[in-house]
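All chains are named by letter (A, B, ...) in the order of the sequence lines, taking the proteins before the strands, and each is independently numbered beginning at 1.
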Protein chains: 2
Amino acid sequence: MAMLSVAPAGYVVSRHALASANKCHSGAFRPTAGAARILHLRLDSVTAKPSEPATTEAVDDYLKAILELSGPEENRVTSNALAGHLGIRPASVTGMLQKLAGQRPSFIRYKKHHGVFLTDTGKHRAMEVIRHHRLLERFLHDVLDFSWDEVHDEAERLEHYISEHLEDRIAAKLGDPDVDPHGHIIPEKNGAAAVRAETVLAKWPCGVPAVISSVSDKDPAALREMKRRGLLPGASLIVEPGTRSASLAVRISGNPPARLSQELASRILVVHR
Amino acid sequence: MAMLSVAPAGYVVSRHALASANKCHSGAFRPTAGAARILHLRLDSVTAKPSEPATTEAVDDYLKAILELSGPEENRVTSNALAGHLGIRPASVTGMLQKLAGQRPSFIRYKKHHGVFLTDTGKHRAMEVIRHHRLLERFLHDVLDFSWDEVHDEAERLEHYISEHLEDRIAAKLGDPDVDPHGHIIPEKNGAAAVRAETVLAKWPCGVPAVISSVSDKDPAALREMKRRGLLPGASLIVEPGTRSASLAVRISGNPPARLSQELASRILVVHR
DNA sequence: TTGTAAATTTAGGTATGGCTAAATATTTAT
DNA sequence: ATAAATATTTAGCCATACCTAAATTTACAA
Ligand SMILES: [Mn+2]
Ligand SMILES: [Mn+2]
Ligand SMILES: [Mn+2]
Ligand SMILES: [Mn+2]
C-alpha cells in the first residue's frame, strides 16, 4: 500500500500546509502526490464534521460553470455545454465529471449521456467561489483603483487562492457590499444570494422605462465602451420604439440619445424602473 | 504529432488566458495539457524578446529555496538541503532539477551529485516572487489588518498568483515601502535589493548595543511572543554580559529586562546601533 | 420505425510534480 | 587506500487534468 494521503478523519492535508511547516517532522503524513494545488485546507481540528472535499482550481471552475449553465431552473448541464463554456474538449469534461461523481461526498450528480447537476455541497462551493470573485472585483476596483474592465481577469485567478480569513477581511474593509462593480449580487457568506428577475436589454420592450441592473464582465473592450456611453449599473434608459434591427436606439438618462449594437445590448441586463 | 502547445514565437499560452476568453474561437492554439497552472502569462505581443520561461508555483518555490539556501556567497545547493527546505523527498528534487536544467533558457545550472545554483534569469525570477511576498505581507498587514503572525501563510500562496499589474497597484497604494512587517527588505521592481550585514541575536556579543533589523516570519507563535515582549524591528537592545546558556538576559529599550530562549534569539537578526 | 447526424464516452497519451525502493556516487573514517 | 556511511540518482508508480481519435449512444427526421 503506497501513500498515506488522508489525515485522521478524512481531512485532506494540502501540500502547502506541510511545506510551509518547513521540514515535516518525523514520520508525518505525506500529502497526496501530484501537481494540482489543493485549495482551502480545512482542519476544524476536533470538530470532526465531514465538511466539503478539498477542491482544485479546475474543480472550482467546473462547479461555477455548472451553476451558471444550469440557470435558475437548475436544469441538467450537458458535457458539450460545459466544454464550450470552459474552453475544454468534451472528452476531458467527461473524464472530470466521472471522477467528481465518483467522490463521496460528491459535488455533482451525473448520469452518463444525460448531463450533470450540482448537489447542495456543489452549489455551496460554487457560491463560495463566486463570492470570492465578486468581493475581489469590488476590492480591486474600490481600494486598488483597478478599472472595471481590468478586475475580472485578476479576480478569476485569485478567487481560488484567497483564504477565508482574507475573504472576511476584504468584506469587512468594504463594509459588506451587496454588488460587484458590474452590478452582480455578492452571495452571503453562508452561500445565500438574492435573485433578481433581469432581462437582456436586447429583448426589453420598447418604450418601457428600465434601469441597468448588471452587465457582463467578460469583455474588457465592451466594458470600456459601456462606461464611455454612460451604460453603468443604475443608469435609467428607454428603448426608442420602432428601431430593433442590427442596432437599437436608446435614451440614456443624462446622455444624448444613442444607438447600441445588438452585441452591446446583449451584454446589458435591465429591470423595471 | 500531438499537441500544439506553443504560440508563435515561443511564448507559452496559459490555460487560463484561453479559458477566460470563454470559448476559444475556431482553430485557436490549445494550451499544453496538464494540471499545473502556468503563472504569469507574458505576451509582449509584437516585441518578440525571449523573456523568461513561464513558471509554476512549484518552480517558483524551488527558485526561492535555492536563492535562500545558497546564501550571500552563492554556494551550490544540494538536493538534500532543498528537499529538507521544501518538505519534499530528495528523489523528487533530483527530478525537478534535471527538468529545469534541461530547459532553454534555464533558471538553474545543475551538475549531477554536485548541487545547483541560479542563473541570472533564475535569480531574477526568485527576486520577483520575493518582492510579491513581501509587498503582500506589508499590504495584508497595513491595509487589511492582518496581524504580523498571519501574513506569511497568506502571502506564501498568493505570491505566485498576483499579476504584475496588481503588484504595481499594491506597491503604489503602500508608497513603495522598503521593508515588510518583519523587517525584510523588499526588492525593487527590477530585482535589485540592498544587502544588510545582519547577525543572529543568539551570536551577538554581550554588551554591544544592537537594533533589531528583522525577524523570521515562519513561526506564528514565536512572532506573537516577540510582539508581546517588544521585540520588533527597530527596537534597541543590549545582551547582558555573562548569561549565555539556554537563555540570555536582554535589556530591550522601553521594556523591563527579560530572558530570551536561544530558540527565540535564533529567530531575531540584529545590526549595530 | 429505422437510419443518420449529433452528442457523448472510451481508449490511449502527454505534461506537471509528487513518492518509494533500489542502485550508485561521494565522503568520511579507519 | 579502502571500507562503511551518507548523499544522490535511477527506475517505476500515482494523481491531476488536459488532448486526439475512435467508438458508442441518443435524438431526430423521414
Ligand atoms: Mn477561475
Ligand atoms: Mn463582475
Ligand atoms: Mn509558495
Ligand atoms: Mn516577512
Side-chain angles (χ1 to χ4, degrees), chain A residues 1-6 12-16 18-19 24 27 29-39 53-62 76-84 86-103 110-116, chain B residues 1-6 12-16 18-19 24 27 29-39 53-62 76-84 86-103 110-116:
Chain A
M1 173 137 311
M3 198 157 317
L4 287 164
S5 67
V6 177
V12 174
V13 176
S14 96
R15 180 174 68 75
H16 218 78
L18 284 181
C24 24
F29 291 104
R30 292 223 141 262
T32 215
R37 167 192 272 288
I38 291 174
L39 310 166
T55 57
T56 59
E57 177 171 357
V59 170
D60 278 352
D61 286 343
Y62 274 87
R76 286 165 129 75
V77 179
T78 67
S79 304
N80 248 19
L82 275 173
L86 292 168
I88 277 174
R89 310 277 79 180
S92 305
V93 171
T94 298
M96 177 65 99
L97 294 182
Q98 291 183 338
K99 192 183 58 177
L100 288 180
Q103 285 180 182
Y110 164 68
K111 215 171 115 193
K112 256 186 183 104
H113 293 287
H114 293 283
V116 66
Chain B
M1 170 138 311
M3 197 155 317
L4 288 162
S5 66
V6 177
V12 174
V13 176
S14 96
R15 180 175 68 76
H16 218 77
L18 284 180
C24 23
F29 291 106
R30 293 222 141 262
T32 215
R37 167 193 272 290
I38 291 173
L39 309 167
T55 57
T56 60
E57 177 171 358
V59 171
D60 278 352
D61 286 343
Y62 274 87
R76 287 165 128 73
V77 179
T78 67
S79 304
N80 248 20
L82 275 173
L86 292 168
I88 277 174
R89 309 277 80 178
S92 305
V93 171
T94 298
M96 177 65 98
L97 294 183
Q98 291 182 341
K99 192 182 58 177
L100 288 180
Q103 285 180 180
Y110 164 67
K111 214 172 116 194
K112 254 184 188 119
H113 293 287
H114 294 283
V116 67

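Following rounding to the nearest Å, B:Met96 (CE) and D:dT10 (P) show an atom-to-atom distance of 16 Å. Remark: P of C:dG18 and CD1 of A:Ile38 are 12 Å apart, rounded to the nearest angstrom. For the pair A:Lys112 NZ and D:dT24 C1', the computed distance is 11 Å after rounding to whole Å. Taking atom CG of B:Leu82 as the reference point, atom P of D:dT9 lies 10 Å away to the nearest angstrom. Spacing between atom CG of B:Asn80 and atom C1' of C:dT27 amounts to 13 Å, rounded to whole angstrom units. Note: CG (A:Asp61) to C1' (D:dT16) measures 14 Å, nearest angstrom. Per the geometry, CG belonging to B:Leu100 stands 8 Å off P belonging to C:dG17, to the nearest Å. In this structure, the CG atom of B:Leu86 is 14 Å from the P atom of D:dT8, given to the nearest Å.
Relative to the side chain of B:Val59, the nucleotides C:dT20, C:dG17, D:dT8 differ in distance, and C:dG17 lies closest. Residue A:Thr94 places its side chain closer to C:dT9 than to any other of C:dT9, C:dT16, D:dA17. Here D:dT16 is the nucleotide among D:dT16, D:dT9, D:dC19 with the atom lying nearest to any side-chain atom of A:Lys99. Minimum atom distance to the side chain of A:Ala91 is reached by C:dT9, of the listed C:dG17, C:dT9, C:dC19. In this structure, the nucleotide among D:dA17, C:dG18, C:dT26 sitting nearest to the side chain of B:His113 is C:dT26. Considering only side-chain atoms of B:Arg89, the nucleotide from C:dT9, C:dC19, D:dT9 that sits closest is C:dC19.
Nearest heavy atoms, B:Ala81 versus B:Val77: CB-CG1, 4.2 Å. Across every non-hydrogen atom of B:Tyr110 and B:Gly115, the tightest pair is CD1-O, 3.6 Å. Of all heavy-atom pairs between B:Arg89 and B:Ala83, the closest is C-CB, 3.9 Å.
Nearest-nucleotide positions on DNA chain D place B:Thr78 closer to the 5' end than the other of A:Ser92 and B:Thr78.
For the OP1/OP2 pair of C:dT10 and a distance below 4.0 Å, the side-chain nitrogens and oxygens of A:Gln98 include at least one atom meeting the criterion. Contact check, B:Tyr110 against D:dT8: no side-chain N or O comes under 4.0 Å of OP1 or OP2.
Atoms CG and CE, from A:Leu82 and A:Met96 in turn, are 10.5 Å apart once rounded to the nearest 0.5 Å. Rounding to the nearest 0.5 angstrom, the gap separating the CG atom in A:Leu100 from the OG1 atom in A:Thr55 is 10.0 Å.
Here A:Ser79 lies in heavy-atom contact (under 4.0 Å) with sugar-phosphate atoms only.
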